[in-house]
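Written out below as structure tokens is the structure these notes cover.
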Amino acid sequence: MILDAGGRKGRLMKQDARSKKLLGMYERMVLIRKYEERIYYLFLEGAMPGSIHQSTGQEAGAVGICYDLRDDDYMGSTHRPAGHDLAKGVSVRGMMCEMFAKANGCCGGKGGAMHTGDIRKGVIPANAIVAGNMPIMVGIALGAKIRGSDQVAVSFFGDGATNEGAFHEALNGAAIWKAGVIFVCENNLYGASTPIRTTCLLENPAADRGPAYGIPAEIVDGCDVIAVNGAMERALKRARSGEGPTILELKTYRSCGHSRSDARAYRTREEEAEWATRDSIAKMREVLIAEKIAGKKDIEEIDDRIEREVEEAVEFAKNSPDPRPEDAMRHVYWEGGRN
Ligand SMILES: Cc1ncc(C[n+]2csc(CCOP(=O)(O)OP(=O)(O)O)c2C)c(N)n1
Ligand SMILES: [Mg+2]
């Protein structure tokens, strides 16, 4: 019997480790895309409270970085966490319930879109303060080092974070302590509506600053999941072996608006169209077909299966209970054991 990356019956043509990995990464990228597309319409329908910040177009970064991490490695994100969380293994149901503010949400329905996470998967509930997770992830990596563990910590942040004081403190601290932290800058050219070129004169706002703190940096095509994963392999090796932090600057683009109400007046439709030609999922489909890992029909089946998984999560969330009023004051302090 031939199995796909998730061990399900299928017509996967190749079974070697590389083929399985490429297929697995493709599936995760599709999951993020379909999840976010579905969320977008649920918001438009008014089915969910709060607001959304989506990462459509940036899936290759999330997946290429998180694919080889273990559940006990840590990851921190900011105001756009859904792709990172799904890539690191937070369940679709848990994410969806959180969006509906339901008790079965990954944060018990108390976090909402900007604070999703699941400590069982090493995902620190997201910190919506720009650059806010960076010093936290350094501390977590330092903690692992002190315990003699090879666990690593990944900090995702945007280009806009690189002018924050916390960015500089975090880099310096990680460097002097040789903390096993991987700083991942998703440079999507804009901090909300502000072009990064108007707030930083450096071509590579994260990577160019690495050497000033004694941290090696790599600049990566953030639309190419294979390239991202390759750079991550090198950074992961350094971090696990106690050699210290690495900066990875991913050149990417968010094809959606900054948040729900963004008409994207600060950028041209030509620029958007140009980046659309580099779409990571379309590119990966071509690789899978060219390397005879999967055929067009296999890919359609995978896409359909993931769409059903997302739809099932929507139904599950809609039918889930609301958080109980008596639990309002819980989950503030550690309550012993698992909260
Ligand atoms: C310290 C702080 N300042 C301002 C904001 C408001 N804010 C939310 S997102 C954002 C833009 C961040 O841009 P970037 O870091 O490039 O991330 P991107 O939105 O592009 O993913 C800003 C300024 C905030 N959340 N935190
Ligand atoms: Mg940005």
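Positions are given from 1 along the sequence. Whatever order the structure lists them in is the order used to number ligands and atoms, beginning at 1.
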Taking Asp73 first and then Arg240, would you say they form a salt bridge - that is, a charged N and a carboxylate O separated by under 4.0 Å? yes
With the Mg ion (ligand 2) as the reference point, give the N/O/S atom of Asp159 that is nearest. OD1
Residues 148-155 side chain polar contacts: donor-acceptor under 3.5 Å, at least two apart:
unit_1 : atom_1 : unit_2 : atom_2 : d
Ser149 : OG     : Gln151 : N      : 2.9
Ser149 : OG     : Gln151 : OE1    : 2.7
Asp150 : OD1    : Arg70  : NH1    : 3.3
Asp150 : OD1    : Arg70  : NH2    : 2.7
Asp150 : OD2    : Arg70  : NH1    : 3.3
Gln151 : OE1    : Arg147 : NH2    : 3.0
Gln151 : NE2    : Asp72  : O      : 2.7
Ser155 : OG     : Asn133 : OD1    : 2.6

If you round to the nearest 0.5 Å, how far is OH of Tyr266 from CG of Leu189? 11.0 Å
Contact summary for [X] and [Y], nearest pair of heavy atoms:
X: His84; Y: Ala62; result: CD2-CB, 3.8 Å
X: Cys66; Y: Met75; result: SG-CG, 4.5 Å
X: Arg18; Y: Glu291; result: NH2-OE2, 2.5 Å

Run through all N or O atoms in ligand 1 and write down each protein N or O closer than 3.5 Å, as a pair with its distance.
unit_1   : atom_1 : unit_2 : atom_2 : d
ligand 1 : 15 (O) : Gly160 : N      : 3.3
ligand 1 : 15 (O) : Ala161 : N      : 3.3
ligand 1 : 16 (O) : Asp159 : N      : 3.3
ligand 1 : 16 (O) : Asp159 : OD1    : 3.1
ligand 1 : 16 (O) : Asp159 : OD2    : 3.4
ligand 1 : 16 (O) : Gly160 : N      : 2.8
ligand 1 : 16 (O) : Tyr190 : O      : 3.2
ligand 1 : 19 (O) : His79  : NE2    : 2.8
ligand 1 : 19 (O) : Arg80  : NH2    : 2.6
ligand 1 : 20 (O) : Asn188 : OD1    : 3.0
ligand 1 : 20 (O) : Asn188 : ND2    : 2.9
ligand 1 : 20 (O) : Tyr190 : O      : 2.8
ligand 1 : 21 (O) : Arg80  : NE     : 2.9
ligand 1 : 25 (N) : Ala128 : O      : 3.0
ligand 1 : 26 (N) : Val130 : N      : 3.1

Examine the side chains of Tyr253 and Glu271 and answer whether a donor and an acceptor come within less than 3.5 Å of each other. yes
Tell me whether the Mg ion (ligand 2) has Glu186 as a neighbour, meaning an N, O or S atom of it below 2.8 Å. no
If the cut-off is 2.8 Å, does any N/O/S atom of Tyr190 fall short of it from the Mg ion (ligand 2)? yes
